[in-house]
Amino acid sequence: MIVTVPGDKSITQRAVIFAALAEGKSRLRGLLPGADPASTAGAVRALGAAIPELPSDGREIVVQGLGLGGLRAPSQPLDLGNSGTGTRLLMGVLAGQPFKATMVGDASLSSRPMGRVTRPLSEMGARFRSLEVADRLPLEIEGGSLHAYGYDLPVASAQVKSALLLAGVAGRVPVTLSEPGRSRDHTERMLSALGARVDGAADGALWRVRLENPPERLWPLDLSVPGDLSSAAFLIVLALLGGAKGELTVRGIGLNPTRTGVLPVLGRMGARLKIEPEADQGGEPVGAITAGPTALRAAAIDENDVVGAIDEIPILAAAAARASGTTRITGAGELRVKETDRIKALVQNLRAVGVAVEELTDGLEVEGSDRPLRGEVDSFDDHRIAMAFGVLGALPGNAIQVRGPECVTVSFPGFWDLLGKIGRG
Ligand code: S3P
């Protein structure tokens, strides 16, 4: 069976923001019609950009950009819903604007740490005021004149890196930074394509990024968003675990090397994935991945794997529950500050369906088995927790009920229908 998945969540949200900042008409196709991009688009609209509703079928939209100086003060708080990416990237943009804005979000987003972005942006010259709890939304931000800035990120993070680069672009000041690992580079690729050249290079174990000459204007985009590998990963694991009707091919997936860390991990677990390159889309490599039923074995997953597979740890933990042996996942402390504390959520849910699991401060240990897995689990309003247990529940012999399944719309609307269609049921 051949399937596709919705557009990449990271690229979609960047596309909406960059199209608003560009000069001229951007043409965007294949945008993810999910709840996170809808929140980001809503916030960008409130800043004055006419962003059409994001189509549910990926058809093209045209966005008339406002230019780097064209955003205006919002008359209401910007509601970012569940979107950490939208929040942090827009904080960077707002840091360079001569007005005040308030950002709010849902309960999950309001519990996530924002200090990792507000601290460096404050050092660049923006001002933040927490309205309830320190370094959490709701937050008021007052942008203004920024100065050239250099920063060493304590933790590799594409959201923090992107916020600082966007502040550099919006405020027209140079930014240099380093991260202790190489996080996803969609911002660097897209900004470079729009005329804001961003360079990246390894320096020992560090990854250095530089925006030396922020441009006067950004060119508009003409972009087809690739399918989201983070969504495809759920289907690939379903097929590996024998939950699809035979082999499954997912086409049109973004294969940016800073995102594909899940593939070598699955390889170490015994998966033989067929990866066929397709034509690049929007400056990103794209391809098809084919997977079929495979006896998986446990693997050690550590901090060297985590940055390139940060969003795939939930589905890897689910795969580990069906592998032979005990999988130890470490170096994944960042999971504690995602849409929910994903380490706790995985441990609690795996236990609830009969998997032996150990919680570690920075990860978990999962003992694989072929016992039927049964019980009720919670999504914790986290799309990737819901989908990981959706996949486990779709395997023959298992019966898992996911409470709060609707949160999958954040990144993968149509997930449950597709699972019903391709699953062996
Ligand atoms: C994202 C970066 C990652 C990732 C998130 C999307 C992005 O977060 O987990 O789903 O689009 O930049 P961090 O930057 O916090 O690691």
Side-chain angles (χ1 to χ4, degrees), residues 6-18 31-32 34-37 39-40 80-93 105 108-109 111-120 135 151 153-166 177 179-191 198 200 207 209 225-226 228-234 254 256 258-262 282 284 303 305-316 331-343 345 362 382-388 407-408 410-412:
D8 187 276
K9 179 160 83 71
S10 292
I11 297 175
T12 295
Q13 298 194 88
R14 285 162 172 77
V16 166
I17 295 171
F18 295 166
L31 297 169
L32 166 66
D36 269 12
S39 301
T40 298
L80 273 304
N82 194 245
S83 180
T85 301
T87 305
R88 294 183 174 133
L89 268 57
L90 282 175
M91 280 180 179
V93 173
S108 149
L109 185 58
S111 68
R112 298 180 67 181
M114 294 298 155
R116 52 181 57 196
V117 185
T118 59
R119 231 169 289 121
D135 286 329
Y151 185 61
L153 277 68
V155 176
S157 162
Q159 293 179 358
V160 177
K161 173 176 65 176
S162 301
L164 299 180
L165 291 173
L166 280 167
L177 52 88
E179 22 175 25
R182 189 175 177 185
S183 68
R184 64 191 66 189
D185 68 355
H186 305 302
T187 297
E188 294 93 306
R189 286 173 187 248
M190 291 173 84
L191 282 178
V198 182
W207 183 253
V209 177
V225 179
D228 199 326
L229 173 61
S230 296
S231 296
F234 294 100
N256 179 316
T258 60
R259 289 285 296 280
T260 50
V262 65
E284 298 272 350
E303 79 260 20
D305 300 304
V306 168
V307 70
I310 184 73
D311 293 337
E312 286 66 68
I313 303 295
I315 190 59
L316 285 171
E334 273 296 283
L335 293 190
R336 293 207 182 271
V337 290
K338 293 295 177 188
E339 285 80 334
T340 188
D341 176 340
R342 285 185 174 159
I343 295 177
D362 63 345
D382 182 323
H383 51 136
R384 296 200 170 105
I385 295 295
M387 291 189 277
C407 55
V408 301
V410 158
S411 63
F412 199 160

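Counting convention: from 1, in listed order, for ligands and their atoms alike. Treat the numbers as computed from the prediction; the structure is a model and nothing was measured. For the numbers below, each heavy atom of this structure counts, side chains included, while hydrogens, waters and symmetry mates do not.
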Which of the atoms in ligand 1, numbered in the order shown and given with their element, are less than 4.0 Å from a heavy-atom of [X]?
{"X": "Ile310", "answer": "9 (O)"}
{"X": "Ser157", "answer": "13 (P), 14 (O), 15 (O)"}
{"X": "Arg384", "answer": "10 (O)"}

Using a 4.5 Å cut-off on heavy atoms from C-beta on, say whether the side chain of Leu335 contacts that of Ile310.
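Result yes, sub-4.5 Å side-chain heavy-atom pair found.
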Within the 4.5 Å heavy-atom criterion, are Arg184 and Asn256 side-chain neighbours or not?
no
Lys161 side chain to Glu179 backbone, donor-acceptor under 3.5 Å:
no
Using modelled atom types only, decide if a donor and an acceptor are shared between the side chain of Ser162 and the backbone of Leu89 within a distance under 3.5 Å.
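No, because the side chain of Ser162 does not come within donor-acceptor range (under 3.5 Å) of the backbone of Leu89.
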Salt bridge check: are [X] and [Y] linked by an N-O gap of less than 4.0 Å?
{"X": "Arg116", "Y": "Glu334", "answer": "yes"}
{"X": "Lys338", "Y": "Asp382", "answer": "no"}
{"X": "Asp8", "Y": "Arg259", "answer": "yes"}

What do you reckon, does Ala158 have a nitrogen or oxygen under 3.5 Å from a nitrogen or oxygen of ligand 1?
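Yes; at least one N/O pair falls below 3.5 Å.
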What protein heavy atom sits nearest atom 10 (O) of ligand 1, and how far away is it?
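Of every protein heavy atom, Asp311 OD2, 2.8 Å lies nearest to atom 10 (O) of ligand 1.
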Atom 11 (O) of ligand 1 - nearest protein heavy atom and its distance
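Residue, atom and distance for the closest contact: Ser10 OG, 2.7 Å.
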Can you tell me which portion of Arg184 lies within the under-4.0 Å heavy-atom range of ligand 1? Options are side chain, backbone, both, or neither.
side chain
Can you tell which part of Glu312 has a heavy atom less than 4.0 Å from ligand 1: side chain, backbone, both or neither?
neither
Just go through Gln13, Arg14, Lys338 and tell me whose heavy atom is the nearest to atom 7 (C) of ligand 1.
Arg14
